[in-house]
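What's counted below: heavy atoms across the whole structure, side chains too, no hydrogens, waters or symmetry copies.
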Amino acid sequence: MADAENLWSTDPASALRAGPELDLATLDRSATPGWEGGKGEARAFMADRGRLLSELQERLFAHGRTGGDRSVLLIVQGLDTAGKGGIVRHVVGMVDPQGVALRAFGVPTAAERRHHYLWRVRRALPRPGLIGVFDRSHYEDVLVTRVHGTLDEDAVPRRFDEINRFERQVAASGTTIVKVALMVSYEEQGLRLMKRLDRPDKHWKYDPGDVDTRQEWDAYQAAYADVLARTSTDVAPWHVVPADRKWYSRLAVTELLTQALVDLDLGWPRPRWRLDAQKRRLAATMSAESLRQAAADAEDELASYRQAEAEFAAVVAEADASPSDGRSDLADGGGPTGTTAAPGERKGGNKASKKPAKSRNDGHKRSTDKAERSTAKTKKSPAKNSQKSGKKDGGRKSGGKKGR
Ligand code: AMP
Ligand code: MG
């Protein structure tokens with residue numbers, strides 16, 4: 001099942017995590033932190049991950065159908081052209097749409113404006129078993145509103161606290177929150193907008209307001225910096241994804257989502273009925289001929305199930321052992337609130353499914369384990385792309401708006 005090489009040398013959960021030393025002004029938005037390959041390898045690996053993601057999502061869905069309380073929420077933020085739509089199409093699009101709850105947040109409607117800004121967000125939260133996706137989110141309420149001056153500066157810290165509290169509640173209710181901020185550079189944004197103007201088939205994507213927003217670039221960067229500094233918590237950390245190379249941002253978000261699902265450690269839910277009794281009941285309704293046929297198929301079905309399970313387990317074990325850590329060569333180690341799990345904490349698995357916060361921590365604890373386990377693996381993976389560089393500094397060295 002997994003044929004493509006895993007060229008992550010640093011787990012994006014740690015390579016991209018917003019930390020106290022993150023500096024958006026010097027973030028290299030064309031870097032590919034943690035990934036030691038190029039576009040071709042990324043495409044192959046993403047296809048593998050897509051299959052895994054699909055299987056994980058089916059398990060999550062199955063749990064939701066049988067009383068489980070877990071869900072995942074992917075929050076995608078980024079300026080115009082950063083690639084939010086592409087994440088939805090190319091990453092989320094790899095799983096069964098029946099298991100996805102997608103919501104794009106635009107300018108609040110008159111009805112929405114009559115409520116608290118979190119009102120529409122609460123209503124869009126994923127039910128158990130689903131992967132919720134926010135294309136923009138409540139963060140617009142501390143970004144665009146701030147830049148436009150419709151939000152009083154005095155109110156900003158209060159909103160940050162409110163958002164952190166809200167996300168803590170969401171996590172405590174069983175939702176793993178994955179937040180990604182797609183960071184496109186000023187030049188690349190200009191090119192992408194110009195392409196929309198140059199191609200009649202892209203005109204529909206162009207909004208004259210995008211240039212107004214672009215003219216406020218510095219204010220948006222400052223507002224984003226504040227959001228990343230103030231709302232990256234251990235239950236809901238921000239991941240800052242360089243977005244000038246679309247293949248990289250999609251690959252990175254795929255990995256973040258996959259790891260979030262792997263961390264849920266979901267097996268197939270146990271039925272709440274008795275297998276033998278149900279078999280007898282069904283058999284009583286079938287012809288002798290059909291029963292012979294079913295009996296002949298049964299062995300194959302079981303063998304096919306076992307093979308699928310073995311392959312799945314192997315791929316998950318592989319994914320779980322993905323390289324991690326590597327924070328030492330990044331400026332921004334760890335989130336501002338600190339995320340190291342207490343020694344001895346282990347992955348919760350099904351039993352700990354009531355404690356998503358622990359699950360996150362456990363994920364990080366496991367990151368440490370993974371780092372230890374994967375030293376050999378990391379060495380093995382060839383630094384094919386060292387010319388793509390920026391690696392040693394995590395690719396955060398060059399400015400996002402050169403030539404302005
Ligand atoms: P798009 O993502 O291109 O469809 O654009 C959606 C627009 O809605 C963007 O310009 C956002 O800034 C804007 N928007 C989203 N949420 C809010 C909000 N809470 N307040 C004001 N504008 C918002
Ligand atoms: Mg737009």
Side-chain angles (χ1 to χ4, degrees), residues 1-2 13 46-76 87-104 121-135 137 170-180 235-236 250 253-273 275 278 301-302 304-320 347-360 362-363:
M1 194 167 129
M46 244 182 96
D48 274 359
R49 276 295 189 255
R51 281 187 287 275
L52 174 58
L53 201 52
S54 245
E55 293 211 19
L56 290 163
Q57 184 258 337
E58 191 182 348
R59 281 162 201 259
L60 177 63
F61 192 80
H63 275 268
R65 276 295 174 86
T66 52
D69 66 348
R70 307 308 309 263
S71 60
V72 172
L73 174 61
L74 175 66
I75 298 179
V76 187
I87 295 293
V88 174
R89 192 159 54 250
H90 295 279
V91 178
V92 181
M94 294 193 293
V95 307
D96 186 342
Q98 294 174 98
V100 174
L102 170 66
R103 173 71 203 266
V121 178
R122 284 204 172 89
R123 288 160 55 97
L125 289 171
R127 280 179 288 110
L130 296 187
I131 297 178
V133 181
F134 286 178
D135 173 347
S137 65
V170 170
S173 75
T175 304
T176 297
I177 301 173
V178 180
K179 296 193 295 203
V180 298
V235 291
R250 293 167 187 171
V253 177
T254 298
E255 193 63 17
L256 289 168
L257 199 53
T258 303
Q259 294 295 342
L261 281 154
V262 165
D263 283 350
L264 294 181
D265 195 26
L266 298 173
W268 293 114
R270 285 179 183 283
R272 281 174 290 190
W273 32 262
L275 182 59
Q278 291 303 318
E301 295 294 349
L302 194 59
S304 145
Y305 156 78
R306 287 200 174 119
Q307 189 185 337
E309 285 302 293
E311 279 171 13
F312 174 78
V315 176
V316 166
E318 229 276 334
D320 209 17
K347 169 168 73 175
N350 298 337
K351 278 161 261 139
S353 63
K354 291 266 151 39
K355 295 168 190 146
K358 181 166 187 297
S359 177
R360 290 289 333 168
D362 288 343

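Val262 approaches Ala319 most closely through the heavy-atom pair CG2-CB, 4.4 Å. Here the closest non-hydrogen pair linking Met94 and Ser54 is O-OG, 3.2 Å. In terms of heavy atoms, Ala260 sits closest to Thr176 at CB-CG2, 4.0 Å. Contact record, Ser71 with Pro128: CB-CA, 4.2 Å, taken as the closest heavy-atom pair.
Rounding to the nearest 0.5 angstrom, the gap separating the CG atom in Leu130 from the CD atom in Gln57 is 8.5 Å. The CD atom of Glu58 sits 12.5 Å away from the CG atom of Leu261 when rounded to the nearest 0.5 Å. Between the CD atom in Glu311 and the CG atom in Leu52 there is a gap of 12.0 Å [rounded to 0.5 Å]. Note that OH of Tyr305 is 9.0 Å distant from CH2 of Trp268, once rounded to the nearest 0.5 Å. In this structure, CG on Leu257 lies 10.5 Å from CG on Leu73, to the nearest 0.5 angstrom.
Side chains of Phe61 and Ile131 form no contact here, defined as non-hydrogen atoms less than 4.5 Å apart. The side-chain heavy atoms of Met46 and Val91, taken from C-beta on, include a pair separated by under 4.5 Å. Taking 4.5 Å as the limit, every side-chain heavy atom of Phe134 sits out of range of all side-chain heavy atoms of Lys179. Looking at Arg49 and Gln259, their side chains come closer than 4.5 Å, going by heavy atoms from C-beta outward. Using a 4.5 Å heavy-atom threshold, the side chains of Ile177 and Val235 count as separate. Contact check for Asp135 versus Arg103: no side-chain heavy atoms found under the 4.5 Å cut-off. For the pair Leu266 and Leu56, the minimum side-chain heavy-atom distance is 4.5 Å or more.
Listed for the Thr66 side chain is no donor-acceptor partner under 3.5 Å among the backbone atoms of Pro271. Remark: side-chain polar atoms of His63 are paired, donor with acceptor, to backbone N or O of Gly267 under 3.5 angstrom.
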List the steps and the verdict of side-chain contact (heavy atoms from CB on, under 4.5 Å) for Val180 and Leu256.
CA-CA 9 Å; Val180 298; Leu256 289 168; 3.6 Å; yes
When you look at Leu60 and Leu264, which way does the side-chain contact (heavy atoms from CB on, under 4.5 Å) test go after all the steps?
CA-CA 8 Å; Leu60 177 63; Leu264 294 181; 3.9 Å; yes
Report the C-alpha distance between Val76 and Val88 in whole Å, list the side-chain angles of each, state the deciding distance to 0.1 Å, and finish with yes or no for side-chain contact (heavy atoms from CB on, under 4.5 Å).
CA-CA 9 Å; Val76 187; Val88 174; 5.5 Å; no
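Gln278 meets the side-chain hydrogen bond (donor to acceptor under 3.5 Å, both in side chains) test with Arg281; sequence neighbours excluded. The side-chain hydrogen bond (donor to acceptor under 3.5 Å, both in side chains) search around Arg65 returns none, not counting sequence neighbours.
Arg59 has a carboxylate O that lies under 4.0 Å from a charged side-chain N of Glu309, or vice versa, which qualifies the two as a salt bridge.
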